[in-house]
Amino acid sequence: MSDLKITVDGTSREVVADTTGFNLFESRSIVALRVNGELRDLAYVVADGDSVEGVELSSPDGLNILRHSAAHVLAQAVQNINPEAKLGIGPPIKDGFYYDFDVVEPFTPEDLRKLEKEMDRIIRAGQRFVRRVTNDSDARVELSNEPYKLELIGLKGNTDAVGDGAAEVGAGELTIYDNVNPQTGETVWKDLCRGPHLPNTRMIGNAYSLMRSAAAYWRGNEANKQLQRVYGTAWPSKDELKAHLERLEEAAKRDHRRIGAELDLFSFPEEIGSGLAVFHPKGGIIRRVMEDYSRKRHEENGYDFVYSPHITKSNLFETSGHLAWYADGMFPPMKLDEEVDENGIVRKQGQDYYLKPMNCPFHILVYKSQSRSYRDLPLRMFEFGTVYRYEKSGVVHGLTRVRGLTQDDAHLFVTQENMEEELTSVIGFVLGLLRDYGLTDFYLELSTREEGNPKFVGSDEIWERATGTLSRVAEATGLELVPDPGGAAFYGPKISVQARDAIGRTWQMSTIQLDFNLPERFDLEYAAADGSLKRPVMIHRALFGSIERFFGVLTEHYAGHFPPWLAPLQVAGIPIADEYSDYLHEIASELRSKGVRVIVDDSDDRMQKKIRNHTKDRVPFMLIAGEEDRSNRAVSFRFRDGSQENGIPVEDAIKRILSAIENKEQV
RNA sequence: GCCGACUUGGCGCAAUUGGUAGCGCACCGCUCUUGUAAAGCGGGGGUUGUGGGUUCGAGUCCCAUAGUCGGCUCCA
């Protein structure tokens with residue numbers, strides 16, 4: 001028997017024929033192989049010249065294999081319980097997996113529990129995952145009862161069309177995985193699948209859980225039938241599963257909708273309508289401080305402040321093109337009917353008025369209100385512009401997806417020559433301001449046009465120039481740059497700033513869009529130095545995106561522990577007993593005279609109760625005073641995290657508070 | 001928009017098979033008041049999202065509608 005020369009984890013080895021991954025790796029944490037760059041089952045029989053690496057269960061590839069194998073077990077469990085269920089696809093996803101099924105009755109929570117029991121049984125049975133190569137025609141016969149799998153076979157090789165189904169029918173050979181009973185050798189279940197899988201079901205272990213079920217369109221297309229999707233999570237160990245569930249719990253505690261109610265910041269009265277928020281006094285303070293600071297910074301950076309109405313006749317959005325592309329996303333028009341006199345003469349023309357979904361056309365009209373010269377440019381118009389968008393009922397979500405929102409919107413009119421310079425300064429401005437609000441970890445996304453999609457208007461040449469400019473500017477920041485093909489607005493490409501919050505989630509924040517299209521549609525001009533008329537370029541940018549959304553993101557980022565400069569109540573004075581109220585009131589008036597938001601809690605509650613109340617309210621500074629403090633003209637700090645500093649001289653305490661506010665420090 | 005679940009006093013929750021709506025917190029009143037996350041007693045407040053229907057009788061069943069939640073699709 002001739003020896004084969006292979007490389008194992010970078011080291012050359014000679015092995016006998018029919019050697020498999022099982023022979024090469026003893027560690028049970030190796031669950032699959034990477035052979036010449038391709039993932040394979042451990043049962044793969046090595047060939048001469050192969051370069052083989054072991055895939056650790058806890059590696060990203062290993063976790064995907066674990067989760068995808070768990071998805072197969074789920075599918076088997078579903079079909080064991082309901083043989084009529086037809087299989088969709090079942091890929092691994094972040095933290096888990098899902099599998100789609102065509103079933104008559106949607107899954108209930110009780111169904112999920114039953115399915116977990118059945119999965120346990122399958123896992124304990126230690127079924128082997130056995131790869132079998134097949135071909136289109138054989139597979140079609142074998143899977144004649146699985147219409148969705150048949151459809152995928154038809155798409156094989158067309159990676160774009162397969163989409164999430166790549167786990168089933170990726171490039172290369174068509175394969176079926178048989179689940180084999182290790183005792184009898186009998187195939188108990190099978191699924192069209194590219195693999196690889198764990199060697200057997202037992203290795204899935206018990207660190208998995210079915211999380212929820214929901215409907216999902218077949219192959220992600222709204223025009224297709226909805227299948228029932230079951231989501232699960234799976235981990236190498238019970239501890240990791242527990243940690244994951246705790247992370248979900250932590251995220252739920254930070255949910256801005258929950259904190260918004262707890263801290264009395266905002267609400268969505270049913271009487272007003274879905275996606276329409278009211279800000280309560282405490283939320284109002286945070287919002288006003290956010291806005292005030294933004295105004296100040298815009299003023300310092302050469303922006304002009306403009307104002308525009310909330311409604312407009314339809315022609316404005318016809319010219320801009322928004323009505324043609326986004327009429328569905330706009331509130332329907334207010335129709336003013338034509339009035340005709342008794343002779344049939346039109347006395348008053350009929351008109352459609354729309355709530356504005358965008359501010360740009362209004363700013364354009366300001367631009368057009370006079371002849372512009374190159375000396376006027378760049379012209380930077382800023383507005384807290386309130387817009388209304390008819391978001392589909394199913395997508396409205398807290399403050400992050402609403403139907404009425406206020407954008408911190410600006411439109412910059414620049415010459416082609418200074419466009420790049422202006423973009424560079426805008427992005428610096430944006431990042432600096434976001435940092436002031438406490439977000440510090442960013443990356444950029446460059447959204448570009450999708451070739452051939454008619455949604456994108458304007459010439460190829462213009463798109464290339466705009467995209468090239470944005471990309472140079474983005475690269476110059478030194479931040480990580482992620483491409484987003486097809487993500488551009490219909491009128492131009494954009495850079496968006498993505499921020500990571502305190503628990504590592506990313507949020508799309510600011511967008512900066514370059515637009516050659518609207519200036520053309522509105523026939524914008526300026527007189528160049530040589531006297532000729534030229535077309536300016538527009539830059540659209542919103543820094544918060546929408547104030548509502550930014551408010552929501554900051555709430556989750558801080559988990560309601562807003563830094564003192566934003567906190568609705570900055571200082572709460574808590575006397576040990578009634579007798580010390582006056583002393584605290586004295587300190588409070590001094591703070592108040594310096595603009596600090598402060599109260600003294602002289603309610604009937606015990607001091608312990610007051611500490612509890614103001615801690616729950618996330619008040620950054622609690623000032624406690626009793627005899628000891630008063631006689632030393634001092635005060636004791638207590639902070640939201642329970643820590644304390646006692647006997648601080650009043651003057652120092654005041655300085656400390658003022659400086660934290662002034663410097664936007666977190667405490 | 002689609003699929004599913006949910007909707008009980010300000011908030012969080014209870015109400016066996018359809019049979020007179022309860023609790024905690026909060027609120028109001030009184031009493032109490034010294035050191036770091038809930039003092040005690042008493043009181044008021046809901047007809048169960050809204051509109052229909054079934055029934056002798058509905059918070060509990062049916063239909064519609066609004067809103068919320070979880071997904072899918074979408075996000076200028």
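Just so you know, these numbers use all the heavy atoms, side chains as well, and skip hydrogens, waters and symmetry mates.
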If you look at every strand shown and take non-hydrogen atoms under 4.0 Å, does [X] touch a base, only sugar-phosphate, or nothing?
X      : value
A:S320 : nothing
A:N221 : nothing
A:E579 : base
A:F107 : nothing
A:P357 : base
A:G642 : nothing
A:E262 : nothing

Integer-rounded Å distance: [N] [atom2] and [X] [atom1]:
X      : N     : atom1 : atom2 : result
A:M622 : B:G35 : CE    : P     : 18 Å
A:M211 : B:A5  : CE    : C1'   : 16 Å
A:I611 : B:U34 : CD1   : P     : 14 Å
A:L623 : B:U36 : CG    : C1'   : 13 Å
A:L399 : B:C75 : CG    : P     : 22 Å
A:I624 : B:U33 : CD1   : P     : 20 Å
A:K94  : B:G71 : NZ    : P     : 13 Å
A:N224 : B:G71 : CG    : P     : 22 Å

[Y] versus [X], side-chain donor and acceptor atoms under 3.5 Å:
X      : Y      : result
A:S308 : A:E383 : yes
A:W218 : A:D100 : no
A:Q666 : A:Y558 : no

With a 3.5 Å cut-off and just heavy-atom distances, do the side chain of [X] and the base of [N] make a donor-acceptor pair?
X      : N     : result
A:K392 : B:U73 : yes
A:D629 : B:G35 : yes
A:R638 : B:A37 : yes
A:S213 : B:G71 : no
A:Q226 : B:C2  : yes
A:E627 : B:U34 : no
A:Y217 : B:G1  : yes
A:R389 : B:C74 : no

Look at the side chain of [X] and decide which nucleotide, out of [options], has an atom nearest to it.
X      : options             : result
A:A214 : B:G71, B:U36, B:U33 : B:G71
A:M358 : B:U73, B:A76, B:G70 : B:A76
A:R401 : B:C74, B:A38, B:U31 : B:C74
A:Y326 : B:A37, B:A76, B:U36 : B:A76
A:R212 : B:G4, B:G71, B:A38  : B:G71
A:A577 : B:A76, B:G35, B:U34 : B:U34
A:Q608 : B:C75, B:A38, B:G70 : B:A38
A:A215 : B:A37, B:G4, B:G71  : B:G71

With [atom1] as the reference atom in both, quote the distance from [N] to [M] in angstrom, rounded to an integer.
N     : M     : atom1 : answer
B:C2  : B:A76 : C1'   : 23 Å
B:C72 : B:C13 : C1'   : 31 Å
B:C27 : B:C11 : P     : 15 Å
B:G12 : B:C75 : C1'   : 34 Å
B:G53 : B:C30 : C1'   : 50 Å

Heavy-atom donor-acceptor pair, A:T506 side chain to A:A499 backbone, under 3.5 Å: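 Looks like no, no N/O pair under 3.5 Å.
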
Stacked cation flag A:K86 on A:Y148, 6.0 angstrom / 45 deg: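 That pair does not qualify as a cation-pi contact.
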
Base versus backbone protein contacts along nucleotides 62-69 of chain B [heavy-atom cut-off under 4.0 Å; B, S, -]: ----BSSS

Closest-nucleotide 5' rank along RNA chain B - winner of A:G394 and A:F490: A:G394

Residue mapping more 5' on RNA chain B - nearest nucleotide basis, A:A488 or A:D605: A:D605

Test of ring centre spacing under 6.0 Å for A:F490 and A:F456: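 No - the distance between ring centres of A:F490 and A:F456 does not fall below the 6.0 Å cut-off.
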
A:Y367/A:H411 aromatic ring centres below 6.0 Å: no

[X] [atom1] to [Y] [atom2] distance, which is reported to the nearest 0.5 Å:
X      : Y      : atom1 : atom2 : value
A:Y231 : A:F107 : OH    : CZ    : 13.5 Å
A:R541 : A:L423 : CZ    : CG    : 12.0 Å
A:F317 : A:D352 : CZ    : CG    : 13.5 Å

Intra- and interstrand pairs of RNA chain B - dot-bracket, Watson-Crick/G-U under 3.5 Å, | marks other strand: (((((((..((((.....[..)))).(((((.......))))).....(((((..]....))))))))))))....

Parallel, tilted or perpendicular: ring planes of A:F268 versus A:F266, cut at 30 and 60 degrees: perpendicular

A:Y388 vs B:A76: side-chain N/O to OP1/OP2 distance below 4.0 Å: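 It does not, given that no N or O in the side chain of A:Y388 lies less than 4.0 Å from OP1 or OP2 of B:A76.
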
Contact list for residues 259-269 of chain A, test salt bridge (Lys or Arg N to Asp or Glu O under 4.0 Å), sequence neighbours left out: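 Qualifying pairs: A:R258-A:E262, A:E262-A:R618.
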
Of A:R549, A:R254, A:R505, the residue whose pairing with A:E556 passes salt bridge (charged side-chain N to carboxylate O under 4.0 Å, His left out):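 So, applying the salt bridge (charged side-chain N to carboxylate O under 4.0 Å, His left out) to A:E556 and each of A:R549, A:R254, A:R505, only A:R505 qualifies.
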
